[in-house]
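Taking it in order: structure first as structure tokens, then the write-up.
Each chain gets a letter, A, B and so on, in the order the sequences are listed, and its residues count up from 1.
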Protein chains: 2
Amino acid sequence: MGPLGSYLPYLLNRAGARIATSFGEEVRPLGATLQIWRVLAALRERDGRRMGDLSATTSIDVSTLTRLVDTMEKKGLVARRRDPADARVVVLHVAPEGRRLTRKLLPIAERYEKVALQGFDAEEAEQLKAALRRLYANMDALESPHKVRG
Amino acid sequence: MGPLGSYLPYLLNRAGARIATSFGEEVRPLGATLQIWRVLAALRERDGRRMGDLSATTSIDVSTLTRLVDTMEKKGLVARRRDPADARVVVLHVAPEGRRLTRKLLPIAERYEKVALQGFDAEEAEQLKAALRRLYANMDALESPHKVRG
DNA sequence: TCTAGATATTTGCATTTGCAAATATCTGGC
DNA sequence: GCCAGATATTTGCAAATGCAAATATCTAGA
């Protein structure tokens with residue numbers, strides 16, 4: 001077998017980590033982090049989501065998310081509400097401050113998208129994304145049967 | 001802009017994290033972790049590397065690597081040696097136990113490679129890897145100028 | 001030779017992370 | 001209406017992480 005640098009998981013993590021770190025540094029001055037951005041992006045897509053839903057779509061562990069939301073609430077970015085129909089459920093709503101921050105983060109996220117994909121034409125970019133979705137789905141085959149991931 | 005699930009960094013991290021977690025679970029019974037595997041793989045490629053070199057090729061922060069190597073030394077997987085020519089430098093050598101573990105991990109890594117790339121033909125797989133290398137390289141454009149990454 | 005600045009690694013420390021257990025609430029069956 | 005098991009979230013805790021400071025050593029120049 002070849003060198004470390006030819007392994008897919010390695011290449012994947014390396015690229016992902018680098019983008020994540022770089023993005024994180026960029027948004028820190030705005031009081032944001034990559035994870036905060038993910039939550040805001042998910043809520044922008046659909047507001048009032050429950051914790052479990054957010055955890056699944058952001059790929060942030062639900063216990064980590066609880067604490068992240070604590071922080072975001074203190075910053076006034078989001079507000080927790082109990083679902084009156086089912087008191088176990090907590091739904092998250094963006095607050096005005098959160099909308100403001102989202103507006104600032106959006107262009108940064110788009111810029112990262114553009115820079116990361118520099119030199120890719122539209123088709124190549126779409127192929128890459130499709131491949132990444134496929135990879136993710138392929139892992140079902142190895143997942144322990146008792147676990148379910150979104 | 002589209003939903004979170006159409007952002008490249010998100011797709012990248014999601015796929016990477018899932019593979020990493022799954023691999024980690026699989027090798028835990030052997031007393032290994034993903035990071036341990038990375039170090040062993042790097043040493044398999046070339047033994048006697050220095051810490052900084054290993055940090056660059058594995059993408060593990062050098063301070064994290066120091067502590068990881070502490071652990072690996074305790075497990076008898078590797079041995080630290082001072083470079084006699086330059087006493088600042090520490091070089092790492094695989095120990096017999098490390099070789100044994102590497103032999104066990106190799107087929108697992110190959111299996112993961114295969115499963116992750118299920119449904120990809122050789123050309124598609126190579127394209128994907130090339131794309132990931134390109135992504136990584138593209139990030140140079142955004143990297144703060146004072147920093148240098150391997 | 002002595003010193004200032006560079007380089008390599010380690011250590012200190014605060015944050016993030018995720019598993020597992022705890023808590024709260026709901027549902028269906030009795 | 002009550003209980004057992006399911007579901008949603010939070011909390012406890014220990015490990016991993018990474019930045020910045022500390023330490024050790026080297027190099028080049030005065």
Atom [atom1] of [X] to atom [atom2] of [N]: distance rounded to whole Å?
X	N	atom1	atom2	answer
A:D70	D:dT11	CG	C1'	10 Å
B:D83	C:dT9	CG	P	9 Å
B:L92	C:dT9	CG	P	9 Å
A:L54	D:dT10	CG	P	11 Å
A:D86	C:dG28	CG	P	12 Å
A:I60	C:dC19	CD1	C1'	17 Å
B:E25	D:dA15	CD	P	18 Å
B:R38	D:dT17	CZ	P	10 Å

Compare side-chain N and O positions of [X] against OP1 and OP2 of [N] and report whether any pair is under 4.0 Å apart.
X	N	answer
A:T64	C:dG18	yes
B:R80	C:dT10	yes
A:R67	C:dT17	no

Do B:R134 and A:F120 form a cation-pi contact, if we require the NZ or CZ to be under 6.0 Å from the six-membered ring centre and within 45 degrees of the ring's axis? yes

How about B:Y10 and A:T58: does a side-chain donor come under 3.5 Å of a side-chain acceptor? no

Among [options], which nucleotide sits nearest the side chain of [X]?
X	options	result
A:S63	C:dG18, D:dT9, C:dT25	C:dG18
B:R50	D:dA6, C:dT9, D:dT9	C:dT9
A:T66	C:dG18, D:dT10, D:dA6	D:dT10
A:D61	D:dC26, C:dG18, D:dA6	C:dG18

If the plane angle is over 60° it's perpendicular, under 30° parallel, otherwise tilted; pick one for A:W37 and B:Y7. perpendicular

So CZ of A:R67 and OG of A:S63: to nearest 0.5 Å the spacing works out to 5.0 Å

Donor-acceptor contact present, side-chain B:D47 to main-chain B:H93, <3.5 Å: no

If you pin A:R28 and A:M51 to their nearest nucleotides in DNA chain D, which one's is more 5'? A:M51

With DNA chain C as reference, determine whether A:R82 or A:T33 sits nearer its 5' end, using the nearest nucleotide of each. A:T33

Is there a donor N/O on one and an acceptor N/O on the other, under 3.5 Å, for the side chain of A:R88 and the base of D:dT9? no

